[in-house]
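Have a look at the structure below before the remarks.
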Amino acid sequence: MREKKPTRLRDRNRLRTRQELLDTALDLFEVGGLATCSVDAVAKKAGTSKTTAYTYFPGGIDEMLRDQYRIIGERVRMRGEQMRNVATTAEDRIVALTAALLEVCAEPRVGRFYMMLTPALSPLLEPVVGETSGHFRKLIADDLHRKLPQGLSPLTCATLILGAGREAAIAVAREPSQREDLLSALRMMVRAMLSAKPGR
């Protein structure tokens with residue numbers, strides 16, 4: 001058993017170093033965008049060597065930023081599922097997913113990075129962008145199934161809700177005080193969809 005303790009400590013130290021590098025990359029991105037992010041800058045600010053940084057992230061700054069984006073997306077997904085699981089109505093379950101996104105994006109440095117896809121950043125993050133949205137789209141469509149007027153696609157409506165939620169998250173990343181108003185407006189939109197009467 002004593003032999004495992006150093007391994008555990010070493011593993012914890014590795015995880016801590018890795019997270020420090022990711023957090024430093026996010027700090028640098030917040031200050032000056034992609035232009036200020038480099039492996040050299042991250043290593044220097046984190047108080048480690050460039051070699052160490054590449055040991056953890058062989059793909060360099062691109063890999064760091066993709067991992068950071070994936071981690072934030074996972075936070076949003078887990079929080080959304082947690083909030084959705086305690087909701088009792090379709091409306092509340094749908095709104096819970098956007099509420100989770102806005103909650104995470106209200107943290108300024110996190111929200112600005114997660115929602116502000118610049119032309120330079122978009123290609124870099126393309127492999128991981130949309131993972132959480134795709135998951136949420138399916139959950140929302142499931143909640144809308146059999147609750148919409150005939151002929152109205154749950155997947156189409158889920159896409160509209162997600163688009164509105166994404167725009168709300170961008171606004172919250174810029175100004176967190178808007179969160180409750182935007183969430184109330186989204187709730188009204190979802191309620192209107194759920195109570196819509198069949199068209200002629």
> Taking M189 as the fixed residue, which of V95, I161, L194, I94 is the one that meets the side chain to side chain contact (heavy atoms under 4.5 Å, CB included) rule?
Replying inline: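 With M189 as partner, V95, I161, L194, I94 yield a single side chain to side chain contact (heavy atoms under 4.5 Å, CB included), made by I161.
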Out of curiosity, [X] [atom1] to [Y] [atom2], how far, rounded to the nearest 0.5 Å?
{"X": "M64", "Y": "F29", "atom1": "CE", "atom2": "CZ", "value": "14.5 Å"}
{"X": "L28", "Y": "S38", "atom1": "CG", "atom2": "OG", "value": "7.5 Å"}
{"X": "F136", "Y": "R77", "atom1": "CZ", "atom2": "CZ", "value": "8.0 Å"}
{"X": "L97", "Y": "R137", "atom1": "CG", "atom2": "CZ", "value": "12.0 Å"}
{"X": "R93", "Y": "L139", "atom1": "CZ", "atom2": "CG", "value": "10.0 Å"}
{"X": "R166", "Y": "Y114", "atom1": "CZ", "atom2": "OH", "value": "9.0 Å"}

Hey, are the side chains of [X] and [Y] touching, using non-hydrogen atoms and a 4.5 Å cut-off?
{"X": "L160", "Y": "M193", "answer": "yes"}
{"X": "D92", "Y": "R187", "answer": "yes"}
{"X": "E20", "Y": "R16", "answer": "yes"}
{"X": "M115", "Y": "L101", "answer": "yes"}
{"X": "D143", "Y": "E91", "answer": "no"}

> For K147, does the NZ atom sit with more than 12 other heavy atoms under 6.0 Å from it, leaving out its own atoms?
Replying inline: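 Buried by this count: over 12 neighbours within 6.0 Å.
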> Given E107, which of R179, R75, R79 fulfils the salt bridge (charged side-chain N to carboxylate O under 4.0 Å, His left out) condition?
Replying inline: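 It is R75; the other options fail the test.
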What's the shortest heavy-atom distance between [X] and [Y], and which atoms?
{"X": "V39", "Y": "I61", "value": "CG2-N, 3.5 Å"}
{"X": "A171", "Y": "L182", "value": "CB-CD1, 3.8 Å"}
{"X": "P154", "Y": "A141", "value": "CB-O, 3.5 Å"}
{"X": "T24", "Y": "A46", "value": "OG1-CB, 3.7 Å"}
{"X": "L21", "Y": "A53", "value": "CD1-CA, 4.0 Å"}

> Distance-only, no hydrogens or angles: does the Q68 side chain make a donor-acceptor pair with backbone N or O of L26 under 3.5 Å?
Replying inline: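 No: the side chain of Q68 does not pair with the backbone of L26.
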> Is there a donor-acceptor contact under 3.5 Å from the side chain of T98 to the main chain of G165?
Replying inline: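 Absent.
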Find out if a path of hydrophobic residues (ILVMFWY) with successive side-chain heavy-atom gaps under 4.5 Å connects [X] to [Y].
{"X": "M83", "Y": "V104", "answer": "no"}
{"X": "I170", "Y": "F113", "answer": "yes"}
{"X": "L22", "Y": "Y56", "answer": "yes"}
{"X": "L155", "Y": "L144", "answer": "no"}
{"X": "F57", "Y": "L15", "answer": "no"}

